[in-house]
Amino acid sequence: MDAILLQVLNGLDKGSAYALIALGLTLIFGTLGVVNFAHGALFMIGAFCAVTFQKLLTLSYITIDETRTDFLGNPLEVKSPYVEGWFGPETGGAIIDWAVPLAILFSIPVMVAFGFVMERGLIKHFYKRPHADQILVTFGLAIVLQEIVKYFFGANPIPTPAPDAFRGSLDFGVLLGFDPNAIIYPYWRLIYFLFASFIIGAVFAFLQFTTFGMVVRAGMADRETVGLLGINIDKRFTLMFGLAAAVAGLAGVMYAPINSPNYHMGMDFLVLSFVVVVVGGMGSLPGAVAAGFLLGILESFASMNEIKSILPGIDQIIIYLVAIVILLTRPRGLLGRKGVMEE
Amino acid sequence: MSKSNFTRRGVLKTSAVAGAGLAMPTFFTSMANAYTNEPSGDTVTLGFNVPQSGPYADEGADELRAYQLAVKHLNGEGDGGMLNTFSSKELQGNGILGKKVAFVTGDTQTKSDAARASAKSMIEKDGAIMITGGSSSGVAIAVQGLCQEAGVIFMAGLTHSNDTTGKDKKANGFRHFFNAYMSGAALAPVLEKMYGSDRKAYHLTADYTWGWTQEESIKAATEALGWETVNAVKTPLAATDFSSYIAPVLNSGADVLVLNHYGGNMVNSLTNAVQFGLRDKQVNGKNFEIVVPLYSRLMAQGAGENVKGIFGSTNWHWSLTDEGSKTFTQSFGKEYGRPPSQAAQTCYVQTLLYADAATRAGTFNPCGIAEALEGFEFDGLGNGPTLYRADDHQCFKDVLVVRGKENPESEFDLLEVVEVTPAAQVTYPPDHPMFAGGALGDCNPGA
């Protein structure tokens with residue numbers, strides 16, 4: 001029982017990342033009709049917003065320590081962050097320690113602007129082109145973006161730790177009456193899950209309870225009629241692209257302490273996220289979220305030793321296996337609507 | 001009126017001869033050469049096959065820096081580096097056998113098929129007489145096989161699987177880097193000293209040739225101490241999040257987690273393990289410990305503070321104080337503004353060893369060079385007295401046991417050497433079961 005609970009918990013944070021990326025993908029597909037293969041790159045850029053913000057906060061001035069030497073035998077250059085100089089070592093240190101949560105504020109305008117430029121500069125020229133063209137151009141863009149990131153940040157992962165207050169793990173087992181250490185779950189992953197749930201809830205609330213959201217939903221259902229009513233739906237859809245980019249970016253920022261960001265992390269998530277979207281049902285926002293969590297949890301279960309000993313290698317194929325089964329039984333996915341991507 | 005000497009029959013004859021010549025397989029046209037890519041001009045071309053893209057690109061870039069420095073030193077430029085400390089005094093800084101050293105590079109992308117393609121291209125199109133490089137054992141084994149078929153020497157770069165000089169060894173392939181068996185043999189006594197002989201270990205292992213041999217080696221070494229192996233779980237090479245593999249560890253009764261992971265796998269699994277708070281836990285009345293059998297400074301940078309206090313092994317470290325290491329660190333540091341990695345050191349040394357062997361043999365013939373390298377004993381290249389064993393083309397030298405430094409002074413100062421394990425302690429017989437199943441075969445000069 002404890003092993004099952006453990007894997008459910010593990011699946012939640014993985015599922016959170018899938019759900020957030022898939023939500024953005026579905027928003028873009030549902031509003032603009034664009035299959036955006038650069039969406040994983042937006043997740044990666046979000047993570048690198050955290051890296052950049054951390055680097056900005058740790059910008060340092062150099063003093064020479066004559067008593068120590070560097071690897072060449074020269075007097076050691078000691079780096080001291082400006083932030084610590086300005087606010088004192090304690091406050092300055094705390095600001096640096098909280099670099100990742102603070103990077104959320106930095107990343108929102110960056111990602112919205114990035115999404116806006118991407119949509120106006122490239123994507124809008126492909127609205128009326130076949131999906132194959134859209135996939136090719138966005139996949140190409142993803143490769144360009146990851147190579148740019150590699151050029152500036154290198155190929156190695158860059159450590160981007162969570163604040164000290166959130167290091168370590170919570171012993172869930174003790175809370176539920178199991179033995180100590182039976183079910184442990186890192187604090188930061190718990191925060192990631194809560195954060196993802198909040199973002200997902202906020203996006204749904206925005207679409208459900210605001211006039212803007214209502215117009216967008218109407219546009220998703222019947223773009224032509226909304227246009228005939230004199231509403232500039234294109235402008236709203238551009239803003240939705242910015243919103244989707246921000247959601248992917250926020251998912252990336254908060255994911256940075258879970259696995260050190262590297263230039264390739266977007267591609268690692270992209271394919272799985274597309275499977276999530278297809279399983280959830282193309283164009284269905286609740287479907288994307290449900291499928292994200294479902295596949296994340298199933299992936300975790302497939303990593304259990306007990307299951308791997310019966311079905312070796314199942315952890316690598318479980319998501320695709322489930323996708324095949326769901327698409328065979330429900331060709332439009334879990335919550336897919338009739339008529340989406342059906343000519 | 002001019003008279004032409006061309007006749008219809010003459011033109012046909014000439015065309016037929018020329019056509020036959022062009023159509024003839026290169027195998028026959030190269031019969032004039034004694035071996036593949038025998039240099040005919042005043043230069044000799046070496047092929048540096050490293051990951052220039054993909055997840056190991058930073059390590060590949062450091063290897064390439066080392067190769068370029070070696071070429072510079074061989075051609076008499078720069079400060080001469082370890083040419084000055086090398087026990088063999090054959091190399092004079094005038095190239096190899098009087099020929100200036102040139103080089104071409106290939107991108108392995110850390111994929112076996114891409115690595116073979118780039119090595120093939122360097123041999124066939126660029127005339128490379130030797131291929132060297134690495135960062136993955138799967139790639140090294142694939143390229144070593146290709147070099148054997150093509151008749152050129154392969155000087156392996158960073159490859160740590162027992163199989164490279166074990167079941168997949170080849171007569172044309174040579175490895176300076178240490179291997180998984182040596183890591184286990186060097187680490188075990190230190191682990192016993194630090195953590196005792198009553199421990200329960202849980203292994204997470206990258207599911208490919210290097211991971212398998214690393215797990216087999218460290219398991220054998222620690223079980224010989226009296227440690228019990230609770231579980232050994234294979235993880236996909238492409239995995240990025242190891243939480244579902246790490247979560248059950250504490251509940252398994254294990255009090256040590258051994259991460260048989262390298263590169264991005266190591267960075268992520270170690271980061272995940274520390275996130276789960278494993279290092280703050282007590283199991284079986286003992287502090288929970290993590291061990292990383294193969295360390296790399298470049299990878300340790302990716303794991304950040306998580307490496308602090310964690311034991312592992314390495315082939316070489318820039319903080320060593322022997323003359324060879326000091327000279328190389330100075331030379332590399334002045335050229336590139338950073339200390340060399342272990343990958344850079346092994347690549348630099350392999351290039352010098354190849355050049356020295358060619359000079360001693362007086363030929364670029366791979367079989368002559370192989371003979372010169374077999375049984376060669378040397379010193380002054382940063383690892384102490386070293387033997388290139390003839391039986392399997394594996395170097396035997398001291399192995400470093402390192403620990404993640406608690407208070408690093410710079411971004412490069414991440415590991416501290418806690419023990420230099422003597423070569424005798426990591427030496428094994430050529431017929432050791434972990435290296436069984438293959439044969440060197442005969443040297444192939446190609447052509």
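Residue numbers begin at 1 in each chain, while the letters A, B, ... track the order of the sequences.
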Interchain contact, [X] with chain A, by part (heavy-atom threshold 4.5 Å):
| X | value |
| --- | --- |
| B:D413 | neither |
| B:E305 | side chain |
| B:F412 | side chain |
| B:S53 | both |
| B:Q52 | backbone |
| B:T271 | side chain |

Hey, which of [options] has the most heavy atom pairs under 4.5 Å with chain A?
| options | answer |
| --- | --- |
| B:P248, B:A61, B:P339, B:A239 | B:P339 |
| B:V274, B:T235, B:N272 | B:N272 |
| B:A247, B:G277, B:G304 | B:A247 |
| B:S244, B:A57, B:A303, B:G333 | B:S244 |
| B:N306, B:D280, B:L298 | B:L298 |

Margin query: Are B:W318 and B:F332 an aromatic pair, judged by ring center distance below 6.0 Å?
Written below: no
Next item on the list: Measure from the ring center of A:F43 to the ring center of A:Y255 and say whether it is less than 6.0 Å.
Entry: yes
If we count only N and O atoms by modelled type, under 3.5 Å, do the side chains of [X] and [Y] hold a donor and an acceptor together?
| X | Y | result |
| --- | --- | --- |
| A:D13 | A:Y185 | yes |
| B:T314 | B:Q342 | yes |
| B:Q345 | B:N383 | yes |

Check: If you count heavy-atom pairs under 4.5 Å between each of A:D268, A:D315, A:L9 and chain B, which one has the most?
Finding: A:D315
Notebook entry, point to check: Which residue out of A:F71, A:Y263, A:Y187 racks up the most heavy-atom pairs below 4.5 Å with chain B?
Noted result: A:F71
Note to self: Does B:K281 qualify as a cation-pi partner of B:F288, given the criterion of NZ or CZ under 6.0 Å from the six-membered ring centre and within 45 degrees of its axis?
What the structure shows: no
Checklist line | Atom group of A:L170 that falls short of 4.5 Å from chain B, counting heavy atoms | finding: neither
Check: For the atom pair NZ (B:K219) and OG1 (B:T229), what is the distance rounded to the nearest 0.5 Å?
Finding: 5.5 Å
Notebook entry, point to check: Angle class for the A:F166/A:W188 ring planes (parallel below 30°, perpendicular above 60°, tilted otherwise)?
Noted result: tilted
